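Written out below as structure tokens is the structure these notes cover.
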Amino acid sequence: MLTQVLSLEEELALITRGTEEIFPEEELVEKLKKARRNKKPLKVKLGVDPTGADLHLGHLIPVLKLKQLQDLGHEAILIIGDYTAMVGDPTGRNKTRPQLTHEQVMENCRTYQEQVFRILDPKKTRVVYNGDWFGKMSFQDVIKLMSQMTLARMLEREDFASRFQNQLPISLHEMIYPLMQGYDSVAIEADIELGGIDQKFNILVGRELQRTMGLEPQVGVCNPILIGLDGKEKMSKSLGNYIGINEPPYEMYGKTMSIPDELMMMYFELITDIPMAELQAMEQKIQNGELHPMEAKRMLAREIVTRFHSAEAALDAEAEFNRVFKENQIPDDIPEVTLTQEDLEDGKIWLARLLVKAGLVKSNGEGRRLIQQGGVRINGEVIDDVDFDWPAESGAVIQIGKRRFARVRMQE
RNA sequence: GGAGGGAUUCCCGAGCUGGCCAAAGGGGGCAGACUGUAAAUCUGCUGGCGAUGCCUUCGGAGGUUCGAAUCCUCCUCCCUCCA
């Protein structure tokens, strides 16, 4: 059912929020009008390939958009790409993706859905597997599908072109990926396809396939690529610049606080529901010095934790963050090292070794270097003597930098 | 099938007329200073060993040599060109 509390303009403004490009926008307006006229929701497609187990905020951006459209009364269709995942999307890749077996893919599916449904309403979401149609295709069908694409068009793409130029391999099966994704749109007769702007090519292929099959072409609604914690590269697991959906509140909060200031507004726009007018006002205040950027970032961090955990968790995480970084106190919950008599010599232990024992560093050498640099404290006191033998004391807290802690326990 | 090019420390990438190479430079990471936060900026560190030395590392296995990332042989993988 379609809720029509909003005007067309308001609805359009909501959909447009946090998008980089909508193509073509006029068609979106037409579709929205038609949906209102016929009281028939639009079919909104989001395809996900369960190629890994853990999701991060970057993956969630189109999911949040899907949720928004779902809340507007449109039909959310989540396509689990069990077949496309076996191919692997070459988009933006400088390497062929490893091919997954169907079992691995199905394995990932479970955790994927669990995470995605923390955002989407499961009762209102249609979940389909693209194996449902690809599994039934004959080789003839595949040949026919492949005839829709030319090599020249594929090589126009930045990713393939650069691989080609840099003498990196391009496997043939990668070429079929956009066609598969496009065919998904045919199969479900999508009105809108969501995705990052990097999906533009694939989404356009969907439009073309729909047109050749006599269907009304879908509209692409693309969000910008979320920049990761480093403020430079796109958020990705392999770069380690991500905030994972499954991370504990304190981690999420802290990681959010670590994003460069310039990224804040992007995060606000893409991840929170705070109205654009308020965001603009906030930006204004930061600019003229009325609002401290750090305060704004705190708010962002609270919003994010609230979204994936709860409001209470957000407050706890904030309190913890204050304790550690503002007051230089130790966190609530820190790991413990247990020392036995064997670790001690005359009741003492070499500090570098203790750090290794506590799992705070990987080697004596690393511990040594940190001690030399004044990065190591015991009970808050800096120890910079490399050869320091510490008279072990139960309950003492050893600390490296601002965020690595361990509490010492003595075993009798 | 034929001819060439390549594989280096977490990553990219020098070195490859044999010793001065635990191996330049950059990235990333970590620490310090400063601060407004795990922002920004600047500085330092970044194979292991209780360590002015020793040990393991430059795709794999052998060999030459007092000495090999560097030279030779074979093998594995990758790329390019021709067909």
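Just so we're clear, the structure is a prediction, and the values are computed from it rather than from any experiment. Just so you know, these numbers use all the heavy atoms, side chains as well, and skip hydrogens, waters and symmetry mates.
Spacing of C1' atoms, B:A24 relative to B:C82, comes out at 38 Å, to the nearest Å. Rounded to whole Å, the P atom of B:G36 lies 32 Å from the corresponding atom of B:U46. Of the C1' atoms belonging to B:G13 and B:G28, the separation is 14 Å, rounded to the nearest Å. Comparing the C1' positions of B:U8 and B:G25 gives a spacing of 14 Å, expressed to the nearest Å.
Every pair passing side-chain hydrogen bond (donor to acceptor under 3.5 Å, both in side chains) that includes a residue from residues 134-147 of chain A is listed here, sequence neighbours excluded: A:Ser138-A:Asp141. Residue pairs meeting the salt bridge (charged side-chain N to carboxylate O under 4.0 Å, His left out) criterion with at least one partner in residues 386-411 of chain A, sequence neighbours excluded, are A:Glu336-A:Arg409. Here side-chain hydrogen bond (donor to acceptor under 3.5 Å, both in side chains) pairs that include residues 343-365 of chain A, with residues two or more places apart or in two chains, are A:Thr340-A:Asp343. The stretch residues 265-274 of chain A participates, sequence neighbours left out, in these salt bridge (charged side-chain N to carboxylate O under 4.0 Å, His left out) pairs: A:Asp273-A:Arg307.
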Nucleotide-resolved protein contact map, nucleotides 39-46 of chain B, B/S/- at heavy-atom distance under 4.0 Å | S----BSS
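B:U57 makes up no base pair with any nucleotide shown, lacking Watson-Crick or G-U wobble contacts both under 3.5 Å. Of the nucleotides present, B:C79 is the one that pairs with B:G4 by Watson-Crick or G-U wobble criteria, both distances under 3.5 Å. Remark: B:C34 base-pairs with no nucleotide; criterion is Watson-Crick or G-U wobble with both hydrogen-bond distances under 3.5 Å. Nucleotide B:G67 is matched to nothing when pairs are restricted to Watson-Crick or G-U wobble geometry with both distances under 3.5 angstrom. Under the Watson-Crick and G-U wobble criteria, each requiring two contacts below 3.5 Å, nucleotide B:U9 is left unpaired.
Residue A:Glu318 contributes atom CD, which lies 15 Å from atom P of B:A38 at whole-angstrom precision. Atom pair A:Leu229:CG and B:G28:P shows a separation of 13 Å (rounding to whole Å applied). Summarising the geometry, the separation between CZ on A:Phe388 and P on B:G50 is reported as 18 Å, rounded to the nearest angstrom. Taking atom OH on A:Tyr242 and atom P on B:G28, their separation rounds to 18 Å, with Å as the unit. Atom CG in A:Asn241 sits about 16 Å away from atom P in B:G27, given to the nearest Å. Distance A:Leu355 CG to B:G50 P: 13 Å, rounded to the nearest Å. As rounded to whole Å, 16 Å separates atom P of B:G29 from atom CG of A:Leu370. The CZ-C1' distance, from A:Arg298 to B:A38, rounds to 12 Å in whole Å.
Phosphate contact (OP1/OP2 of B:U37, side-chain N/O of A:Lys402, threshold under 4.0 Å): absent. The side chain of A:Ser363 places no N or O atom within less than 4.0 Å of a non-bridging phosphate oxygen (OP1 or OP2) of B:G47.
Every side-chain contact (heavy atoms from CB on, under 4.5 Å) that A:Gln399 has, sequence neighbours left out, goes to A:Arg377, A:Phe405. Residues meeting the side-chain contact (heavy atoms from CB on, under 4.5 Å) test with A:Arg207, sequence neighbours left out: A:Pro24, A:Glu27, A:Leu204, A:Arg211, A:Pro217, A:Gln218. Under the rule for a side-chain contact (heavy atoms from CB on, under 4.5 Å), the partners of A:Asp121 that lie at least two apart in sequence or sit in another chain are A:Gln70, A:Lys123, A:Lys124.
Among the protein residues, A:Lys362 comes within range of no part of the nucleic acid, since none of its heavy atoms lies under 4.0 Å from any strand. Using a 4.0 Å heavy-atom distance criterion, A:Gly254 is classed as a base contact.
Separation of atoms CZ (A:Phe117) and OG1 (A:Thr125) is listed at 4.5 Å; rounding is to 0.5 Å.
Under 3.5 Å, the side chains of A:Glu290 and A:Gln284 contain no donor-acceptor pair of N or O atoms.
RNA chain B is contacted by both A:Arg377 and A:Glu366; A:Arg377 maps to the nucleotide lying nearer its 5′ end (nearest heavy atom per residue).
Using cut-offs of 30° and 60° for the angle between ring planes, the A:His59 and A:Tyr112 rings count as tilted.
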Scan nucleotides 51-58 of chain B against the protein and return all N/O pairs shorter than 3.5 Å with their distances rounded to 0.1 Å.
| unit_1 | atom_1 | unit_2 | atom_2 | d |
| --- | --- | --- | --- | --- |
| B:A51 | N1 | A:Arg368 | NE | 3.4 |

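A donor N or O paired with an acceptor N or O is found under 3.5 Å between the base of B:G50 and the side-chain atoms of A:Asp389.
No salt bridge links A:Lys43 with A:Asp191; every basic N to acidic carboxylate O contact stays at or beyond 4.0 Å.
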